[in-house]
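I have placed the structure first, in the form of structure tokens, so that the comments after it can refer back to it.
Whatever order the structure lists ligands and atoms in, that order sets their numbers, starting from 1.
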Amino acid sequence: LCETSVVLMLPLSAAHDQIKRTNNNIRAFIAKPVIDEDMAALIEYVKSHNSMPGTDAAIPFLGQKYAVPIHVQEDEKNEWGAATRILLVEDNPVNQEVAAGLLQEFGLSYEISANGMEALAALQIATQQYPFSLVLMDCFMPDMDGYDATKNIRRGVAGECVRKIPIIAMTANAMKGDEEKCREAGMDDYITKPVDPEVLLNTLKRWLLSDTDASLNAEEGKQREQTKHLATAVKDNSQIWDYAAVLRRVNNKPERIDKLIDLFMANMPERMALLEQSLIDQDLEQAQYAAHAMKGVSGNLGALALAACVGKLEAHAIAGDLTAAETLASEVKNAYQRTLEAFSDYQSRT
Ligand code: MN
């Protein structure tokens with residue numbers, strides 16, 4: 001039995017620590033939860049390394065190699081300046097959680113408003129003692145959407161001193177022309193959802209640290225990011241759950257994934273029911289609303305198949321094509337079920 005190799009399962013966050021060899025039989029570490037790809041890599045590794053490595057040899061950490069965290073150094077966090085504060089305007093709890101988690105990670109303080117009305121109020125109240133530095137603005141929200149909120153801010157409704165505050169749109173890219181619509185409303189920049197941590201960080205740097213290289217190379221940076229968006233757009237949309245993508249989005253904090261899944265479970269049955277009911281009622285506006293919300297949430301959680309087919313359904317609803325929307329309903333339901341299974345399977349393993 002002393003020939004048996006031990007492979008320790010550890011949370012991915014441990015990969016960045018120096019792990020001491022406590023047992024000479026430890027052959028490798030593997031990230032938890034173990035995904036198929038990592039298991040294959042492990043078998044390959046054990047097969048090609050027959051003998052035990054020496055005591056001082058590095059122990060390989062296998063797993064989720066694509067989930068490279070963004071490291072924001074302490075001095076980099078201080079670069080923002082102590083008074084820097086972000087207003088995050090987003091109606092969906094899952095999307096709020098993802099964006100807020102990233103802002104925290106970047107060392108930025110923030111406040112959340114759930115719609116345009118709340119955002120205007122927050123800006124108005126804040127101006128007296130502790131002003132906001134930048135607004136991250138979702139586009140579709142109940143009561144007052146991001147476009148109207150922006151127009152109102154630019155008109156001075158929230159106060160003269162915030163009229164020119166940088167406003168970054170967060171769009172789910174439902175239609176071509178989204179960018180123009182944001183610019184017309186008076187937004188300064190836009191990023192697409194699901195939010196890529198690196199793109200968000202670079203965009204924030206560009207607007208908050210105006211005297212850095214980031215702004216000098218703004219155009220170049222923007223172009224690079226666009227290319228990156230294209231690269232992610234051609235991704236395989238048949239995948240039920242892209243765990244590595246969501247792990248990256250939460251900057252390698254698996255405990256945040258648990259929270260996101262909880263929110264998904266609490267949020268989605270209602271949206272799914274709304275979508276189904278709207279198709280029965282032949283209410284395309286309602287269907288568009290429900291599909292849009294589902295697309296955003298599932299995209300953020302890396303539920304690619306679900307995000308892709310509700311996205312298609314949303315496009316049909318926008319185009320007014322009820323028949324096409326209806327034919328997609330079973331595909332959506334199927335993807336939804338399989339996503340739920342993948343999440344509950346994950347919850348039972350962790
Ligand atoms: Mn929204």
**OP:** Measure distances from the Mn ion (ligand 1) and count the protein N, O or S atoms below 2.8 Å.
**Re:**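 Atoms of protein N, O or S type lying less than 2.8 Å from the Mn ion (ligand 1) total 3.
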
**OP:** Decide yes or no on side-chain contact (heavy atoms from CB on, under 4.5 Å) for Thr203 and Asp189, but give the supporting numbers first.
**Re:** CA-CA 8 Å; Thr203 307; Asp189 207 342; 3.7 Å; yes

Taking distance alone, no hydrogens or angles, what donor-acceptor pairs closer than 3.5 Å link side-chain atoms of residues 326-336 to residues at least two apart or in another chain?
unit_1: Thr327; atom_1: OG1; unit_2: Thr323; atom_2: O; d: 3.3
unit_1: Thr327; atom_1: OG1; unit_2: Ala324; atom_2: O; d: 2.7
unit_1: Lys333; atom_1: NZ; unit_2: Glu276; atom_2: OE2; d: 3.4

Original post:
Hey, what else clusters with Ile280 if you join Ile, Leu, Val, Met, Phe, Trp, Tyr whenever side-chain heavy atoms sit under 4.5 Å?
Top reply: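 Grouped by the 4.5 Å side-chain rule, Ile280 forms a cluster of one, so the answer is none.
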
Original post:
If you measure from the Lys or Arg side-chain nitrogens to the Asp or Glu carboxylate oxygens, is any gap between Lys193 and Glu90 under 4.0 Å?
Top reply: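 Looking at Glu90 together with Lys193, the answer is yes, because their closest N to O distance falls below 4.0 Å.
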
Original post:
Are any of the side-chain heavy atoms of Val310 and Glu314 separated by less than 4.5 Å?
Top reply: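 Contact flag for Val310/Glu314 side chains = no.
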
**OP:** Return the set of residues passing side-chain contact (heavy atoms from CB on, under 4.5 Å) with Asn115 (not counting sequence neighbours), or none when no residue passes.
**Re:**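 Per chain and number, Asn115 pairs via side-chain contact (heavy atoms from CB on, under 4.5 Å) with Met117, Glu118, Met141, Asp143.
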
